[in-house]
Protein chains: 2
Amino acid sequence: MSSKLTDRQQQVLDCIRECIADTGMAPTRAEIADIMGFQSKNAASDHLRALERKGFIKLHSDRSRGIQLLDNAYWSEEELPIVGKVAAGVPIEAIENVERTVPVPQGLFKQRPTYLLKVQGDSMIEAGIFDGDLIAVRKSNVARSGEIVVARIDEEVTVKTLKLNKSSATLLPANEAYEPIKVPADQLIIEGIFVGLIRDPNSF
Amino acid sequence: MSSKLTDRQQQVLDCIRECIADTGMAPTRAEIADIMGFQSKNAASDHLRALERKGFIKLHSDRSRGIQLLDNAYWSEEELPIVGKVAAGVPIEAIENVERTVPVPQGLFKQRPTYLLKVQGDSMIEAGIFDGDLIAVRKSNVARSGEIVVARIDEEVTVKTLKLNKSSATLLPANEAYEPIKVPADQLIIEGIFVGLIRDPNSF
DNA sequence: ATAGGTACTGATAATATGAACAGTGCTATT
DNA sequence: AATAGCACTGTTCATATTATCAGTACCTAT
């Protein structure tokens, strides 16, 4: 239903977004024509109809500036639990008790996280993941090679970059001081995939 | 200047907020009158003038639905603007146009950010700030030594760790490949303080 | 070759909306 | 007692804005 936009339609949509970001108001047909360089207001009308038909905006008929953005409009917020601490160095602690929850809106990250983990240790600092950071994790039991994953070995949970070979998996730290961990494929349990990071320098 | 609102004025302001949250459009005088139960559109006009005089909204004259919620009102919810890109390497780009907005809840960071900046360059990688990261910035024109700040030199904006001496300031990169920038105290303008970081590995 | 989508120009009519003015009643302050 | 701000009703007028119709031109798929 929501087919793709043409270049020109995309430009008009961007123009509407800019207007709203700029003034808080949606533009009129005349304003769109002005910004886009149309001689006729109807050119703008045509584009708006196309954008509505393709599901990107909603037009409120007979209302001034009655253009409503639809696609990225629905950010519903969700409280995500911090389910525990995860070692970025030596694996230490298991995923267990919910310490507290943090409001994470849908749409903050491209992939929707399932829960948050507080990072302990410094084995991922070269990947920009520091001690104390919160990482957003999407629950998954599979992962592709190269992704940063939350993995469980025995009863311990750790965050590392995953490298998959034929029959074995390697958990790669991002810190020269640590050694890669090689695990037989059947002993490795993927808990989830790293989909975002939140850092608060003022949280202790 | 921004004196307090009367109960009725507060109600009108809330009504405007709701309208915008609901439909994306500001209400007309007639719609406000309708929602509030006024018999006359002018009652709404009067309230709008009062709200503008007290600094809560901006009225765009002769424009339909030309009601703009001002600073304290507009972004106080959750949507924070990404106001531009900032160089973490060599300063390149100025704070300017709003690209898009991202929903950032109140309690996500200890200090409430005013806006977000997209980081360009790698001069802060040892501080865990990577190219493409969004940094949350609280607007401020003062900062303490040791804080990570967004600073403006001439017309260029950059993010660095601030070190203050007697009469001069030093902007310290977190990357061995870059040199500290020493600036006379009067040529340095602090734009804001780093209060949080958001990274989305899937955003591109 | 015909139909439909895209991408416009140009003009007119209908209506939505803002602005201005003239009032009323209340309350708090000087 | 007078003044000012608040909180409205009611009306009129100018203009901002949408809606619609009539065209032109180009391109693609049937």
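Proteins get letters first, then strands, A, B, ... in listed order; numbering begins at 1 in each.
- Across A:Ile198, A:Leu116, A:Val150, A:Val195, a single residue satisfies side chain to side chain contact (heavy atoms under 4.5 Å, CB included) together with A:Ile135, and that is A:Val150.
- Distance B:Ile32 CD1 to C:dA19 P: 12 Å, rounded to the nearest Å.
- Nearer the 5' end of DNA chain D, as judged by each residue's closest nucleotide, is the contact made by B:His47, out of A:Arg63 and B:His47.
- The shortest distance between side-chain heavy atoms of B:Asp131 and B:Val119 does not fall below 4.5 Å.
- Per the geometry, CG belonging to A:Leu48 stands 14 Å off C1' belonging to C:dA7, to the nearest Å.
- Of the two residues near DNA chain D, A:Asn42 and B:Asp7, the one whose nearest nucleotide lies more 5' is B:Asp7.
- Residue-to-nucleotide contacts include a donor-acceptor pair under 3.5 Å from the side chain of B:Ser40 to the base of D:dG10.
- Applying the 4.0 Å criterion to OP1 and OP2 of C:dA7, one finds that A:Gln39 has every side-chain N and O outside that range.
- Between the side chains of A:Asp14 and A:Gln10, at least one donor N or O sits under 3.5 Å from an acceptor N or O.
- Counting only heavy atoms from C-beta outward, the side chains of B:Lys160 and B:Ile148 never approach each other to under 4.5 Å.
- In this structure, A:Glu52 atom CD and D:dT18 atom P are separated by 13 Å, rounded to whole Å.
- The side chain of B:Arg65 contributes an N or O atom lying less than 4.0 Å from OP1 or OP2 of C:dT17.
- The separation between B:Asp46 atom CG and C:dA20 atom P is 12 Å, rounded to whole Å.
- At least one side-chain nitrogen or oxygen of A:Arg53 sits closer than 4.0 Å to the OP1 or OP2 atom of C:dT6.
- Taking only distance into account, the side chain of B:Lys41 never meets the base of C:dT17 through a donor-acceptor pair shorter than 3.5 Å.
- In the interface, the side chain of A:Asp62 is not paired with the base of C:dT15 through any donor and acceptor atom under 3.5 Å apart.
- When distances are taken from the side chain of B:Ala43 to each of D:dT9, C:dA19, D:dA7, the shortest belongs to D:dT9.
- Under the 4.0 Å criterion applied to side-chain N and carboxylate O atoms, B:Arg63 and A:Glu31 are assigned as salt-bridge partners.
- Distance CD (A:Gln9) to P (C:dG5): 12 Å, rounded to an integer number of Å.
- The nearest whole Å value for the distance from the CZ atom in B:Arg49 to the P atom in C:dG18 is 12 Å.
- Taking side-chain N and O atoms only, B:Ser45 has no distance below 4.0 Å to OP1 or OP2 of C:dG18.
- Closest contact between the side chain of A:Lys54 and the listed nucleotides D:dC6, C:dA7, C:dT6 involves C:dT6.
- At the phosphate of D:dG10, neither OP1 nor OP2 sits under 4.0 Å from any side-chain N or O atom of B:Arg29.
- Rounded to whole Å, the distance from NE2 on A:His60 to P on D:dA19 is 11 Å.
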